[in-house]
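Note sheet for the following structure.
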Amino acid sequence: MKKISIVYWSGTGNTEVMAQAVSKGAQDNCEVKLVTVEEATKEDILNADAVAIGCPSMGAEELEPEYMEPFIASFENIDLNNKPMILFGSYDWGDGEWMREWDERMKKYGANILEEGLIAHLTPEGEDLSKCEEIGKKLANA
Ligand SMILES: Cc1cc2nc3c(=O)[nH]c(=O)nc-3n(C[C@H](O)[C@H](O)[C@H](O)COP(=O)(O)O)c2cc1C
């Protein structure tokens with residue numbers, strides 16, 4: 001059975017709601033692991049057939065510094081070997097710059113970014129949540 005990992009960080013729960021919707025979309029015929037970055041290991045990424053990673057825009061258009069940034073940096077010198085991947089996250093006042101940079105960074109690290117990172121303004125609502133589920137389906141079929 002195909003293994004999908006969904007790793008996320010969320011401070012106030014918005015990105016967590018997105019992660020749960022991605023997980024819902026991926027459920028059919030897949031073994032889904034939904035885990036916070038605090039609990040995740042590198043193997044959750046390396047051993048999965050396809051991966052979604054979620055983090056809101058923090059700092060000044062940056063990844064969350066304490067857990068997500070070092071986790072992502074740990075893949076810099078490991079070739080992700082065309083791992084199918086989609087990023088997602090919530091934001092507030094920005095224009096999604098953190099997500100565009102994150103997509104480019106993961107491509108440099110060797111990920112196969114299947115589509116541009118999904119961003120939701122603050123609390124994800126109807127259409128945001130259906131897009132999250134579509135991401136899950138896409139990863140399941142990758
Ligand atoms: C310390 C901090 C820094 C932030 N920096 C940005 C930012 O640079 N750009 C932006 O669009 N939103 C920024 N935000 C807003 C968050 O991205 C937004 O509140 C998001 O919904 C939080 O997601 P979460 O509930 O998953 O933690 C920041 C929020 C905090 C607390």
Side-chain angles (χ1 to χ4, degrees), residues 2-78 80-142:
K2 196 174 252 186
K3 283 190 193 167
I4 311 277
S5 285
I6 304 164
V7 177
Y8 69 96
W9 182 90
S10 184
T12 56
N14 295 330
T15 304
E16 181 170 38
V17 173
M18 296 179 82
Q20 285 161 350
V22 174
S23 170
K24 190 175 166 198
Q27 290 300 334
D28 288 349
N29 303 317
C30 284
E31 190 186 309
V32 179
K33 183 165 183 185
L34 175 65
V35 66
T36 63
V37 70
E38 291 94 322
E39 295 167 346
T41 65
K42 272 173 142 162
E43 283 64 38
D44 289 322
I45 304 293
L46 299 175
N47 297 340
D49 296 298
V51 173
I53 312 179
C55 184
S57 180
M58 299 293 284
E61 298 299 318
E62 286 154 5
L63 295 177
E64 183 279 324
E66 194 176 345
Y67 296 101
M68 189 56 89
E69 174 53 41
F71 185 72
I72 293 300
S74 76
F75 294 101
E76 185 169 5
N77 296 313
I78 300 177
L80 283 168
N81 206 14
N82 245 11
K83 179 83 61 190
M85 186 178 289
I86 302 178
L87 307 175
F88 62 93
S90 174
Y91 69 103
D92 187 357
W93 54 83
D95 69 350
E97 184 187 340
W98 104 102
M99 186 56 78
R100 293 192 296 275
E101 288 176 356
W102 192 17
D103 272 338
E104 287 314 308
R105 184 174 176 189
M106 298 321 292
K107 284 180 198 167
K108 273 196 205 137
Y109 291 1
N112 174 16
I113 293 291
L114 300 180
E115 64 179 53
E116 65 181 40
L118 177 63
I119 65 175
H121 185 240
L122 294 173
T123 308
E125 284 165 7
E127 203 191 328
D128 303 312
L129 294 173
S130 7
K131 283 184 188 159
C132 289
E133 288 186 34
E134 280 167 27
I135 283 182
K137 288 202 181 90
K138 197 167 199 169
L139 290 169
N141 294 317

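Basis for what follows: all heavy atoms, side chains included, without hydrogens, waters or symmetry-related copies. Both counts, for ligands and for their atoms, begin at 1 and track the order of listing.
- Counting heavy-atom neighbours within 6.0 Å of Asn29 CG, excluding the residue itself, gives a total of 12 or less.
- Residues Leu80 and Leu46 have side chains in contact (heavy-atom distance under 4.5 Å, counting atoms from C-beta outward).
- Taken to the nearest 0.5 Å, the CG atom of Asp128 stands 12.5 Å off from the CZ atom of Phe88.
- If you number the atoms of ligand 1 from 1 as listed, the ones under 4.0 Å from a heavy atom of Ala60 come out as 8 (O).
- Of the candidates Trp9, Trp93, Tyr91, it is Trp93 that places a heavy atom closest to atom 28 (C) of ligand 1.
- Ranking the protein heavy atoms by distance from atom 15 (C) of ligand 1 puts Asp92 CB, 3.6 Å first.
- Using a 4.5 Å heavy-atom threshold, the side chains of Phe75 and Lys42 count as touching.
- Between Pro56 and ligand 1, not a single N/O pair is under 3.5 Å apart.
- Counting non-hydrogen atoms of neighbouring residues, nucleotides and ligands closer than 6.0 angstrom, the CD atom of Glu116 reaches no more than 12 such neighbours.
- In this structure the side chain of Ile6 reaches within 4.5 angstrom of the side chain of Val32, judged on heavy atoms.
- For Ser10, heavy-atom contacts with ligand 1 shorter than 4.0 Å involve the backbone as well as the side chain.
- Here is the list of ligand 1 atoms found below 4.0 Å of a heavy atom in Gly94: 10 (C), 11 (O).
- Open room surrounds CD on Glu127; 12 or fewer heavy atoms of other groups in view lie less than 6.0 Å from it.
- Taking atom 2 (C) of ligand 1 as the reference point, the nearest protein heavy-atom neighbour is Met58 CE, 3.8 Å.
- Any N or O atom pair closer than 3.5 Å counts here, and Glu62 shares no such pair with ligand 1.
- For ligand 1, the atoms sitting less than 4.0 Å from at least one non-hydrogen atom of Gly11 are 24 (P), 26 (O), 27 (O), numbered in the order shown with element in parentheses.
- Contact of the Asp103 side chain with the Leu87 side chain is registered, since non-hydrogen atoms from C-beta on lie closer than 4.5 Å.
- Among Pro124, Pro65, Ser57, the residue whose heavy atom lies closest to atom 13 (C) of ligand 1 is Ser57.
- For Glu16, no nitrogen or oxygen atom sits less than 3.5 Å from a nitrogen or oxygen atom of ligand 1, counting backbone and side chain alike.
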